[in-house]
Amino acid sequence: MADVYKQIAERLDQLPNGFPATESGVEIKLLKKIFRDPDDAGNWLMLSAKPEPIEVIAGRFEKPVAEVQSVVDGLVAKGLINAVKIRDTYYYHIQPFVIGLFEKNLLHGLIDREYAEYYEAYFPEFSKTYGGFQPAESRVIPLNVDMGVDNVVHVYDDARKIVEAGKTFKLLPCVCRYERKAVGQPCPQNHPVEMGCIAISYTDEDDVKYPTPMAKSVSKQEAMAHLERAAEAGLIHQSYNLESNNYFICNCCTCCCLLLRGALECESPHMMLKSNYVAQIDEELCIACGTCADERCQVDAIEENEDFYAVKPDRCIGCGVCVSTCPSEAITLKLKPESEQTRPLKNLGQFYIKRALARREQSIL
């Protein structure tokens, strides 16, 4: 049955986010941990990346709808495919390794030490592909700080506004910290696994047919409180690189986060996108206490001068983590010049098209 896993690997690599082959074949070992039942692997190959109703999928299987529904429900229950409800009808589709399968591996209990070791071995190679092409799938979302009365702050540039726009919420454990803990390297900053992502829905109904394991449904107020706790802890907010419908906010640290680690350790420039803001320190107000550089900044973007600290603009990702704890209020987030700003994508469909074209152009060169 080894061939079915190779087929899955090839299929995943055909998706815009990629799933590159390695000389060691560790990606196949990883897939065998994810698809522990070879029958699940074969059934997964029968589905499309395009969301489809069960009747279309049953036609491809050439089996009765009820029988195929049972198969598909099993794949959803194991976190192997995604189900999305549109106007009372469920549509099903396969997902990329990231963002998609990897995150659901935790929520459905697939990550153990062996899985984590395979993942760590695969991580550098995967990052080269996932973070090697524009556009980035995720972007840094600044903390809710005062950016000045003259600035119009878009929803995609304010984590609080993203939460405010949602209707139902779930708190999820941090898959990245969980994976690092499983491999024996827990977060050195002691950020807990529980301080994870906020899943955001823009409908009033909670999905009872396909509940998410290890997820806790919470109110908007509880989701906002979770966001504030993450901010106080110095975690970096990230979400989809989209104008709206940002279905999650992750609360990240550079020692564990897949995206931040890929950008910093693997020098993959498009793992995530910086925000449209950059931190700025008023040297007249700075008391040179070093809190910003020593305790808050996670990307080495602040350096010490003789009498004050200064931001290195090329390193700053515009997260705002340094702002809230400055005792002299010397740090502010400033909007970048228009020529340096990036506008998010309209939707995920636009992202997949642009990413697929970028990978295709690279393969031709």
Side-chain angles (χ1 to χ4, degrees), residues 131 136 138-154 156-161 177 186-192 195 227-239 249-257 259-342:
S138 300
R139 70 189 287 126
V140 172
I141 311 296
L143 302 183
N144 186 47
V145 294
D146 183 8
M147 297 179 186
V149 294
D150 296 330
N151 287 341
V152 176
V153 183
H154 298 283
Y156 56 80
D157 267 336
D158 189 327
R160 286 183 60 88
K161 287 186 176 182
R177 281 184 216 111
C187 177
Q189 300 180 58
N190 295 317
H191 295 303
M195 187 59 73
L227 185 72
E228 298 293 351
R229 288 193 296 271
E232 291 172 4
L235 294 169
I236 297 169
H237 300 325
Q238 297 189 77
S239 188
I249 292 181
C250 282
N251 302 298
C252 309
C253 54
T254 52
C255 45
C256 299
C257 173
L259 304 176
L260 293 170
R261 283 180 62 204
L264 297 173
E265 296 176 16
C266 304
E267 299 183 352
S268 298
H270 307 298
M271 290 296 289
M272 53 82 184
L273 196 64
K274 297 178 180 180
S275 84
N276 283 330
Y277 292 81
V278 63
Q280 190 173 88
I281 300 177
D282 186 329
E283 61 184 76
E284 297 296 326
L285 294 177
C286 180
I287 59 175
C289 66
T291 301
C292 54
D294 300 335
E295 299 179 18
R296 300 295 282 182
C297 184
Q298 297 196 42
V299 295
D300 189 30
I302 301 177
E303 60 185 351
E304 183 180 8
N305 290 326
E306 186 173 344
D307 298 314
F308 61 92
Y309 281 75
V311 174
K312 296 181 279 188
D314 59 322
R315 294 281 302 181
C316 180
I317 60 176
C319 65
V321 165
C322 58
V323 176
S324 59
T325 56
C326 178
S328 61
E329 299 184 349
I331 312 176
T332 53
L333 280 184
K334 297 294 184 181
L335 188 64
K336 294 177 182 176
E338 188 172 352
S339 60
E340 298 178 18
Q341 295 177 32
T342 58

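Residue numbers start at 1 and run along the sequence shown. Small disclaimer: the values here were computed from a predicted structure and weren't measured.
- One N or O on the side chain of Asn276 and one on the backbone of Thr342 form a donor-acceptor pair closer than 3.5 Å.
- Nearest heavy-atom pair across Cys255 and Gln189 is SG-NE2, 3.4 Å.
- Side-chain N or O atoms of Arg177 include one that pairs as donor or acceptor with a backbone N or O of Met195 at under 3.5 Å.
- Separating the OG atom in Ser324 from the CD atom in Glu329 is a distance of 11.0 Å, to the nearest 0.5 Å.
- Rounding to the nearest 0.5 angstrom, the gap separating the NZ atom in Lys336 from the OH atom in Tyr277 is 11.0 Å.
- Rounded to the nearest 0.5 angstrom, Leu235 CG and Cys187 SG are separated by 8.0 Å.
- Formation of a donor-acceptor pair under 3.5 Å by the Ser275 side chain with backbone atoms of Val140 is not found in this model.
- Closest of all the heavy-atom pairs between Ala279 and Cys322 is CB-SG, 3.9 Å.
- In this structure, the separation between CD1 on Ile236 and CE on Met272 is 7.0 Å, given to the nearest 0.5 Å.
- For the side chain to side chain contact (heavy atoms under 4.5 Å, CB included) criterion with Cys252, the lone passing option out of Gln238, Gln298, His191, His237 is Gln238.
- A distance of 8.0 Å separates SG of Cys297 from CZ of Arg315, quoted to the nearest 0.5 Å.
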Please tabulate, one pair per line, all N/O donor-acceptor pairs under 3.5 Å involving side-chain atoms of residues 301-311, not counting sequence neighbours.
none

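- Sequence neighbours left out, the pairs with a member in residues 259-270 that pass salt bridge (charged side-chain N to carboxylate O under 4.0 Å, His left out) are Glu120-Arg261, Arg261-Glu265.
- Considering only heavy atoms from C-beta on, Leu227 comes within 4.5 Å of Asn251 through its side chain.
- Contact between Ile281 and Cys292 at its shortest, heavy atoms only, is CD1-SG, 4.3 Å.
- Expressed to the nearest 0.5 Å, how far CD1 of Ile141 lies from CD1 of Ile249 amounts to 7.0 Å.
- The salt bridge (charged side-chain N to carboxylate O under 4.0 Å, His left out) analysis of residues 273-300, with sequence neighbours excluded, yields the pairs Asp300-Lys312.
- Contact annotation: the side chain of Val278 never approaches that of Glu340 to less than 4.5 Å [non-hydrogen atoms, C-beta and beyond].
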